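Remarks on the structure that follows.
Everything quoted here is computed from the prediction, not taken from an experiment. Each chain gets a letter, A, B and so on, in the order the sequences are listed, and its residues count up from 1.
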2 protein chains.
Amino acid sequence: MRLSTRGHYGLKAMFDLAQNYGSSPIPLKAVAQRQNLSEHYLEQLIAMLRKAGLVNGVRGAQGGYVLAREPSKINVGDVIRALEGPIAPVYCVSEENPGACDEADNCITRTVWARVRDGIAAVMDAISLADLCREAEEGSYICKGKLPE
Amino acid sequence: MRLSTRGHYGLKAMFDLAQNYGSSPIPLKAVAQRQNLSEHYLEQLIAMLRKAGLVNGVRGAQGGYVLAREPSKINVGDVIRALEGPIAPVYCVSEENPGACDEADNCITRTVWARVRDGIAAVMDAISLADLCREAEEGSYICKGKLPE
DNA sequence: CATAATCCGAGCAGCATGCTAAGATTTCCT
DNA sequence: AGGAAATCTTAGCATGCTGCTCGGATTATG
């Protein structure tokens, strides 16, 4: 039940771009340094985000990346789906193209996974990049230590 | 964001045991056949469930497995944690022993993962094996086809 | 004592992850 | 014009996890 680093790093990068939204394009090198990520690896992640229409690249010197739309119009679910594919605790309840049960599949467990899927999606779709920026601004989060249990 | 087959198959097996709760021990072979799973593979999964105290094994002929407590006292979260480890979309918000942020980790994203974690746990902890048996009994589920979007 | 079952551990092919590396291309700035 | 800064593209690769299989040891029943 784990996210890969793609989603993890990718959201950090998108948050970084959201914080700098409105200014000139942000080069990946700056994002990588601020977020402490490998620049080359980030290139691959941002390519996926670009293909998903979430960011635009600006080539050449003084180029970089810019969010394709306002931070309030991009939510965590968008970012994660672009990087990790459709949300699906198991293949047969994937958000897109859910595989059919095989004969003996007992669908009771499917209803569980569908509810888990919807729970995850509900959380992710309710948080926009703008929300994250605002929370960071307000300092309304616990940081530099353990999260509360 | 996927469950491995351990959680998937393991819950099916536990549901099977729950449906047969109260009778004599159920041999794994029967579970494997009904749920269409590899018996040898199931052995490994059930070993994890046994170590977690969720099932008891009865050795020898006419042996098998029995739930360690009433189906209403075992929920989906128990099963999944036994098979997949603590719920943690990313390592730094694991339910147990959450790793500390490294210096540059931007904790805003951590709050997202913590909320996702809690969302998953809330769903899983709210469903008991008894609930699943009751739903199966009532037929209050959509089966043999696609789940509703 | 044969049979049915749980237990235990080793092994292993295949796949996804998380990178690194090397370059081709585009654009800005001087 | 030309160099520098950046995006883009493709390939490759080590490592670890997954999803099994296999063989056997142990224990109880009848």
Between the protein and nucleotides 12-15 of chain C, which nitrogen or oxygen pairs come in under 3.5 angstrom?
none

### Query
Do side-chain atoms of B/S94 reach the backbone of B/Y91 as a donor and acceptor pair under 3.5 angstrom?
no
Partner set under side chain to side chain contact (heavy atoms under 4.5 Å, CB included) for [X], not counting sequence neighbours:
| X | result |
| --- | --- |
| A/N20 | A/D16, A/S23, A/I26, A/R34 |
| B/V90 | A/L3, A/H8, B/C92, B/V93, B/W113 |
| B/S24 | none |
| A/I46 | A/L17, A/L28, A/L49, A/V55, A/Y65 |

### Task
Not counting sequence neighbours, which residues clear salt bridge (charged side-chain N to carboxylate O under 4.0 Å, His left out) with B/R115? List them please.
A/E135
### Message
Enumerate the salt bridge (Lys or Arg N to Asp or Glu O under 4.0 Å) contacts for residues 47-58 of chain A, please, sequence neighbours excluded, ordered by first and then second residue.
### Response
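Output for this query is empty, none listed.
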### Task
Using a heavy-atom cut-off of under 4.0 Å over every strand shown, decide if A/L28 touches base, sugar-phosphate, or nothing.
sugar-phosphate
Within this structure, what is the [atom1]-to-[atom2] distance between [X] and [N], rounded to whole angstrom?
| X | N | atom1 | atom2 | answer |
| --- | --- | --- | --- | --- |
| B/Q33 | C/dA4 | CD | P | 13 Å |
| B/E39 | C/dA4 | CD | C1' | 11 Å |
| B/H40 | C/dC8 | NE2 | C1' | 12 Å |
| B/Y41 | C/dC8 | OH | C1' | 17 Å |
| A/Q44 | C/dC19 | CD | C1' | 8 Å |

### Task
Please list, by residue number, the residues of residues 56-70 of chain A whose heavy atoms come closer than 4.0 Å to an atom of DNA chain C; answer none if no residue qualifies.
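When residues 56-70 of chain A is checked for heavy atoms under 4.0 Å from DNA chain C, the hits, listed by number, are A/R59, A/G60, A/A61, A/Q62.
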### Query
How many angstroms lie between atom CZ of B/R2 and atom CD1 of A/I87, to the nearest 0.5 angstrom?
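Between atom CZ of B/R2 and atom CD1 of A/I87 there are 11.0 Å.
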### Query
Can you list every pair that meets side chain to side chain donor-acceptor pair (under 3.5 Å) and has a residue in residues 38-49 of chain B, with sequence neighbours left out?
B/T5-B/Y41
#### Entry: Proximal nucleotide (of C/dC7, C/dT20, C/dA5) relative to the B/E43 side chain
C/dC7
Using atom types as modelled, flag every donor-acceptor pair under 3.5 Å from a side chain in residues 70-79 of chain B to any protein atom, sequence neighbours excluded.
{"residue": "B/E70", "atom": "OE1", "partner": "B/S72", "partner atom": "OG", "Å": "3.3"}
{"residue": "B/N75", "atom": "OD1", "partner": "B/G77", "partner atom": "N", "Å": "3.2"}
{"residue": "B/N75", "atom": "OD1", "partner": "B/D78", "partner atom": "N", "Å": "3.0"}
{"residue": "B/D78", "atom": "OD2", "partner": "B/N75", "partner atom": "N", "Å": "3.1"}

### Summary
First and last nt of DNA chain D near chain A, cut-off under 4.0 Å to heavy atoms, 5' to 3', are D/dA5 to D/dA11
### Task
List in chain and number order the residues that pass side-chain hydrogen bond (donor to acceptor under 3.5 Å, both in side chains) with A/D125, two or more places apart in sequence or in another chain; answer none if no residue qualifies.
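Counting only residues at least two positions away or on another chain, A/D125 forms a side-chain hydrogen bond (donor to acceptor under 3.5 Å, both in side chains) with A/R81.
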